[in-house]
**Student:** 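Supplied in structure tokens, the structure appears directly below.
We name chains A, B, ... by the order of the sequence lines, and we start the count at 1 in each one. All values reported here derive from a predicted model rather than from experimental measurement.
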There are 2 protein chains.
Amino acid sequence: MTRPTFHDFKKKALRDPGVRAEYESLSAAYHLRKKLIGLRKKAGLTQEELAKRLNTQKSNISRLENVNSKISPKLSTIEEYAKAVGFKLELDFVPQKTIKPHHNRINSD
Amino acid sequence: MTRPTFHDFKKKALRDPGVRAEYESLSAAYHLRKKLIGLRKKAGLTQEELAKRLNTQKSNISRLENVNSKISPKLSTIEEYAKAVGFKLELDFVPQKTIKPHHNRINSD
DNA sequence: GACACGGTTATCGTAAATGATAACATACTC
DNA sequence: GAGTATGTTATCATTTACGATAACCGTGTC
């Protein structure tokens with residue numbers, strides 16, 4: 001028998017309703033940060049260069065982008081970041097599906 | 001000669017690049033608030049009822065929705081509001097048009 | 001090894017968002 | 001007019017995001 005992989009661990013963890021709830025609630029901020037990094041790199045900017053555009057420091061950019069960050073940024077912060085890398089932020093409100101999720105459904109990340 | 005109407009005033013004001021910039025920068029938050037109110041009403045909730053769902057006070061809901069408000073809410077605040085009225089918040093980043101705007105173009109609304 | 005580059009982390013001070021309470025305005029009903 | 005419902009505004013305390021500085025970790029280059 002082999003050692004459990006991280007994938008196995010995640011699969012199992014996501015079956016726990018509590019863990020799953022936290023995972024989903026985190027996902028918005030999580031995906032946001034990944035998105036921001038992608039936009040910055042596509043714009044060919046380092047954190048330091050972007051920081052300069054925003055009149056701030058690279059450490060602050062890092063904090064904002066960092067997945068481990070516990071902060072929930074202000075709307076204006078995200079907007080300014082977006083603008084600095086050449087994008088405009090738009091907010092969409094999509095109706096929540098109230099469908100009970102299939103009990104063995106796993107997010108494919 | 002008649003008194004200048006508010007519409008005239010606004011039209012003129014928006015020709016000023018500074019004023020216009022401020023107008024545009026405010027518009028995101030402005031539209032957001034209108035959107036939020038619409039979602040709440042569609043859900044058939046009063047501010048007080050929604051406040052209860054969010055474990056807060058109606059005055060705080062009012063502050064968040066109020067167009068005159070100068071605050072830039074946290075992302076999580078908007079997310080929780082959306083969830084409480086049955087919606088999910090999604091962020092979209094659309095490429096900025098760098099086209100120079102027509103010098104006499106006026107926003108309708 | 002020394003250096004530069006890109007990013008992370010810790011810390012501290014300040015500014016701003018949020019929580020909470022109360023008083024107020026309007027409109028509507030009895 | 002008294003009472004109720006909905007939303008607004010002001011104020012204060014608390015929490016948290018953000019600004020700023022510094023030290024650190026790789027990685028690559030010389």
**Student:** Toward the 5' end of DNA chain D, which comes first, B:Ile61 or B:Ser76, by nearest nucleotide?
**Tutor:** B:Ile61
**Student:** What residues, two or more places apart in sequence or in another chain, satisfy salt bridge (Lys or Arg N to Asp or Glu O under 4.0 Å) together with A:Arg40?
**Tutor:** A:Glu65
**Student:** Please give me the minimum heavy-atom distance between A:Tyr81 and A:Leu64, naming the atom from each residue.
**Tutor:** CD1-CD2, 3.5 Å
**Student:** For A:Ser72, give me all partners under side chain to side chain donor-acceptor pair (under 3.5 Å), at least two apart in sequence or on another chain.
**Tutor:** B:Ser76
**Student:** Within this structure, what is the CD-OG1 distance for the pair B:Glu79 and B:Thr77, rounded to the nearest 0.5 Å?
**Tutor:** 9.0 Å
**Student:** Can you measure B:Leu75 atom CG to D:dT16 atom P for me and round it to whole angstrom units?
**Tutor:** 16 Å
**Student:** Any chain of hydrophobic side-chain contacts (each under 4.5 Å) joining A:Ile78 to A:Ile37?
**Tutor:** no
**Student:** Protein-nucleotides 21-24 of chain D N/O pairs closer than 3.5 Å?
**Tutor:**
unit_1, atom_1, unit_2, atom_2, d
D:dT21, O4, A:Ser59, OG, 2.8

**Student:** Separation of A:Tyr81 atom OH from D:dA17 atom P, in whole Å?
**Tutor:** 18 Å
**Student:** In residues 36-52 of chain B, which residues come under 4.0 Å of DNA chain D by heavy atom?
**Tutor:** B:Arg40, B:Thr46, B:Gln47
**Student:** Tell whether A:Arg63 reaches the base of D:dG19 with its side chain through a donor-acceptor pair below 3.5 angstrom.
**Tutor:** yes
**Student:** Taking CD1 from A:Ile78 and C1' from D:dC18, how many angstroms apart are they, rounded to a whole number?
**Tutor:** 13 Å
**Student:** Could you give the side-chain donor-acceptor pairs of residues 48-57 of chain A under 3.5 Å, partners two or more places apart or in another chain?
**Tutor:**
unit_1, atom_1, unit_2, atom_2, d
A:Glu49, OE1, A:Thr46, N, 2.8
A:Glu49, OE1, A:Thr46, OG1, 3.4
A:Arg53, NH1, A:Ala84, O, 2.7
A:Thr56, OG1, A:Asn60, ND2, 2.7

**Student:** Counting just side-chain N and O atoms, does B:Asn66 come under 4.0 Å of either OP1 or OP2 of D:dT9?
**Tutor:** yes
**Student:** Check the pair B:Leu75 / B:Leu89 against side-chain contact (heavy atoms from CB on, under 4.5 Å), numbers first and verdict last.
**Tutor:** CA-CA 9 Å; B:Leu75 195 56; B:Leu89 178 65; 4.0 Å; yes
**Student:** Provide, to the nearest angstrom, the distance between the CD1 atom belonging to A:Ile71 and the C1' atom belonging to D:dT15.
**Tutor:** 14 Å
**Student:** Given that B:Lys74 and B:Glu65 both sit by DNA chain D, which one's nearest nucleotide is further toward the 5' end?
**Tutor:** B:Glu65
**Student:** Check every nucleotide of DNA chain C for an atom under 4.0 Å from a heavy-atom of chain B, then give the first and the last such nucleotide from 5' to 3'.
**Tutor:** C:dA17 to C:dA22
**Student:** Please report the shortest heavy-atom distance between B:Arg33 and B:Arg63, naming the atom on each side.
**Tutor:** NH1-O, 4.2 Å
**Student:** Under 4.0 angstrom, heavy atoms only, what part of the nucleic acid is A:Ser62 near: base, sugar-phosphate, or nothing?
**Tutor:** base
**Student:** Give the intermediate values and the outcome of side-chain contact (heavy atoms from CB on, under 4.5 Å) for residues B:Asp92 and A:Phe87.
**Tutor:** CA-CA 9 Å; B:Asp92 283 333; A:Phe87 288 79; over 6 Å; no
